[in-house]
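None of the values given here were measured: they were computed from a predicted structure.
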Amino acid sequence: MVTIKNKPGLHPLAEYVERLQTGGTLLPDSPENVLEVVGILKSYGVVLDAYSKNLIYIADHQFLVFFPFFKYFNDEFSFQKLLRHWWHDRINYEYAEYCMKAMMWHGGGGLDSYLDTKEFQERAKAVITAKFKNNPFILGLNQLFPEFLTEQLRVSAYYSGLGQFWRVMADIFLTLSDRYDQGEIKSIPQVVDYIKAGLVADAMKPITYSVKIQDKVYDIIPKKTGLTFLADTAVPYVEAVFFRGTPFHGTVSYNAQAYQISPDQGRFQYGALYADPLPIGGAGIPPTLLMQDMRHYLPEYLHAIYRRGLRGEDDLRVQICISFQKSMFCVTTAAILGLMPYPLQTQDPSEQNANRVYLEKWMDRFTTSRLSDVNS
């Protein structure tokens with residue numbers, strides 16, 4: 001019997017397929033790339049820590065609050081913090097909400113499916129009744145628009161789900177930086193392996209959500225639902241934020257007659273792996289908020305490199321975005337390898353072929369991404 005193998009090189013990104021199959025990474029290995037990736041993930045980890053805490057606070061304490069004026073204060077309101085908030089000398093939690101809304105809008109995964117079940121609706125009804133039992137106006141409004149308050153709880157569930165996901169990722173990125181400082185992380189493959197190990201270790205971590213009304217706790221997403229970190233938050237997040245994203249205001253027309261935005265969400269390519277870093281800093285570009293947040297927590301060794309650039313501090317946010325994009329290709333590599341159908345080391349021809357088909361499907365999505373730019 002003749003064994004037929006797929007001919008290498010037929011895919012336009014076959015180089016990267018071969019690289020991944022031989023234990024390489026999407027981002028080339030170099031001391032400069034290691035420094036950039038670890039340094040930016042250190043800053044990102046600090047910011048994600050703050051984002052995570054705030055999202056979980058909003059989900060737990062601001063649910064079914066129609067005008068949550070103080071949702072960004074984490075129950076620590078003061079006039080000094082209010083002035084800093086108005087002056088924008090603070091973490092831009094609006095970016096965390098932008099990611100949450102993108103994740104909810106694109107859907108996918110078990111969390112999205114569960115929020116459409118009858119079980120969730122019954123649990124939501126119990127919470128709404130308990131929350132507004134002494135408010136006949138709101139209960140009457142709920143009778144007229146029965147999905148309105150339920151939808152607010154769906155949003156709260158996404159606040160909590162994304163907050164729990166980022167809690168894990170923040171810890172991974174911060175401990176990665178510690179390992180780098182101790183001299184244990186010296187290459188991009190080691191960075192990817194460390195992130196992949198963190199994703200795998202927490203893959204089955206349960207995603208739950210409960211709220212407290214007076215002295216009673218109500219389970220909105222109970223543990224028995226079976227939602228887990230990797231399948232139900234990590235994968236949908238990568239899909240929604242890394243790949244699809246949302247079109248930025250001011251860069252494309254939202255006019256339906258202009259046909260600048262595809263009506264098919266599955267064809268969206270506005271995510272972090274596709275975005276041009278140059279518009280960062282402009283109006284209507286949400287990642288500007290993230291880059292602004294990360295600039296406050298840059299390790300000195302990375303900040304020094306940016307200062308030596310052609311424009312110094314003048315294009316700092318753009319430089320941060322370029323480094324961040326490199327780091328996200330490392331995170332994506334870890335996710336791709338962690339979800340491989342068979343081990344990379346397999347010697348079974350059919351399993352090797354299945355792995356190659358799997359990788360080529362990923363590469364189909366990278367053809368218009370910034371992959372070649374971060375490799376140049």
Side-chain angles (χ1 to χ4, degrees), residues 13 15-16 19-20 23-48 95 99 169-170 172-177 179-181 185-196 198-199 237-238 241-243 245 269-281 285-288 290-295 297-311 315-338 362-363 365-376:
L13 297 179
E15 169 194 351
Y16 300 101
R19 191 188 292 182
L20 292 174
T25 57
L26 294 176
L27 182 70
D29 184 25
S30 70
E32 295 78 13
N33 278 342
V34 175
L35 186 149
E36 272 192 75
V37 168
V38 174
I40 206 66
L41 288 180
K42 167 65 179 296
S43 175
Y44 189 45
V46 175
V47 173
L48 284 192
Y95 181 76
C99 290
M169 299 310 298
I172 291 174
F173 296 150
L174 292 174
T175 54
L176 170 69
S177 175
R179 298 282 287 273
Y180 174 78
D181 292 340
I185 300 291
K186 299 178 180 179
S187 69
I188 291 297
Q190 287 179 318
V191 170
V192 170
D193 286 343
Y194 188 84
I195 295 172
K196 184 180 74 171
L199 292 173
Y237 177 84
V238 169
V241 178
F242 285 16
F243 286 96
Q269 294 182 341
Y270 304 103
L273 303 182
Y274 300 88
D276 184 352
L278 289 180
I280 292 296
I285 310 296
T288 296
L290 175 61
M291 308 311 150
Q292 177 68 18
D293 288 340
M294 287 197 290
R295 71 176 297 180
Y297 304 102
L298 294 174
E300 181 54 33
Y301 60 80
L302 181 57
H303 205 166
I305 290 178
Y306 293 154
R307 292 193 194 100
R308 294 198 297 267
L310 292 175
R311 295 181 177 83
D315 66 341
L316 182 59
R317 295 182 189 87
V318 175
Q319 294 187 72
I320 291 172
C321 184
I322 293 172
S323 297
F324 178 71
Q325 212 158 45
K326 289 182 178 181
S327 72
M328 291 303 100
F329 274 106
C330 290
V331 175
T332 304
T333 303
I336 291 172
L337 295 178
W362 277 102
M363 291 307 113
R365 307 191 68 182
F366 285 128
T367 51
T368 58
S369 74
R370 301 276 299 177
L371 182 57
S372 60
D373 296 272
V374 302
N375 276 268
S376 61

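Atoms CG and CD1, on L290 and I285 in that order, are 13.5 Å from each other to the nearest 0.5 Å. Rounding to the nearest 0.5 angstrom, the gap separating the CD atom in Q319 from the CD1 atom in I280 is 13.0 Å. Rounding to the nearest 0.5 angstrom, the gap separating the CZ atom in F329 from the CG atom in N375 is 8.0 Å. For the atom pair M294 CE and L302 CG, the distance stands at 10.0 Å (nearest 0.5 Å). The line from CH2 of W362 to CD1 of I336 is 5.0 Å long, rounded to the nearest 0.5 Å. Here the CE-OG1 distance, from M291 to T288, works out to 7.5 Å after rounding to the nearest 0.5 Å.
Taking the side chain as every heavy atom from C-beta outward, V37 and Y180 never approach each other to under 4.5 Å. Using a 4.5 Å heavy-atom cutoff, the side chains of R19 and P28 are in contact. A heavy-atom distance below 4.5 Å is not found between the side chains of K186 and V34. Between R308 and I305, the closest side-chain pair of non-hydrogen atoms falls below 4.5 Å. Between L41 and I195 the shortest side-chain heavy-atom distance falls below 4.5 Å. Here the side chains of L26 and K326 are not in contact, with every heavy-atom distance at 4.5 Å or above. Side-chain contact check for I320 versus Q292: every heavy-atom pair is 4.5 Å or farther apart. The side-chain heavy atoms of L273 and L371, taken from C-beta on, include no pair separated by under 4.5 Å.
Taking R317 as the reference, nothing meets the salt bridge (charged side-chain N to carboxylate O under 4.0 Å, His left out) condition, with sequence neighbours excluded. Not a single side-chain contact (heavy atoms from CB on, under 4.5 Å) links S376 to another residue, sequence neighbours left out. For D373, the salt bridge (charged side-chain N to carboxylate O under 4.0 Å, His left out) partners are R370, not counting sequence neighbours. Applying the side chain to side chain donor-acceptor pair (under 3.5 Å) criterion to Y306, with sequence neighbours excluded, gives S323. The salt bridge (charged side-chain N to carboxylate O under 4.0 Å, His left out) search around R365 returns E239, not counting sequence neighbours. By the salt bridge (charged side-chain N to carboxylate O under 4.0 Å, His left out) test, E300 pairs with R307, sequence neighbours left out.
In terms of heavy atoms, S177 sits closest to V38 at CA-CG1, 3.9 Å. Nearest heavy-atom pair, C330 versus V192, reported as atom, atom and distance to 0.1 Å: O-CG2, 3.8 Å. The nearest pair of heavy atoms linking P189 to T25 is CA-CG2, 3.9 Å. In plain terms, the two heavy atoms of S30 and I188 that are nearest each other are N-CG1, 4.4 Å. Closest non-hydrogen pair, T175 versus I172, comes out as OG1-O, 3.0 Å. Residues L48 and A170 come closest through the heavy atom pair CB-CB, 3.9 Å.
At least one donor-acceptor pair closer than 3.5 Å links the side chain of Q325 to the backbone N or O of A275.
Ring geometry for Y44 against F324 counts as perpendicular: the plane angle is over 60°, on a 0 to 90° scale with 30° as the lower cut. In this pair, F242 and Y237 present their aromatic rings perpendicular. The plane angle is above 60°, beyond the 30 to 60° band.
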Worksheet item: After noting the C-alpha distance and the side-chain angles of M169 and L199, does the key distance pass the side chain to side chain contact (heavy atoms under 4.5 Å, CB included) rule?
Response: CA-CA 8 Å; M169 299 310 298; L199 292 173; 3.7 Å; yes

Item to complete: Output, in order, the C-alpha distance, side-chain angles, deciding distance and verdict of side chain to side chain contact (heavy atoms under 4.5 Å, CB included) for V331 and F173.
Response: CA-CA 10 Å; V331 175; F173 296 150; 4.0 Å; yes

Worksheet entry | side chain to side chain contact (heavy atoms under 4.5 Å, CB included) assessment of L316 paired with H303 | CA-CA 9 Å; L316 182 59; H303 205 166; 4.0 Å; yes

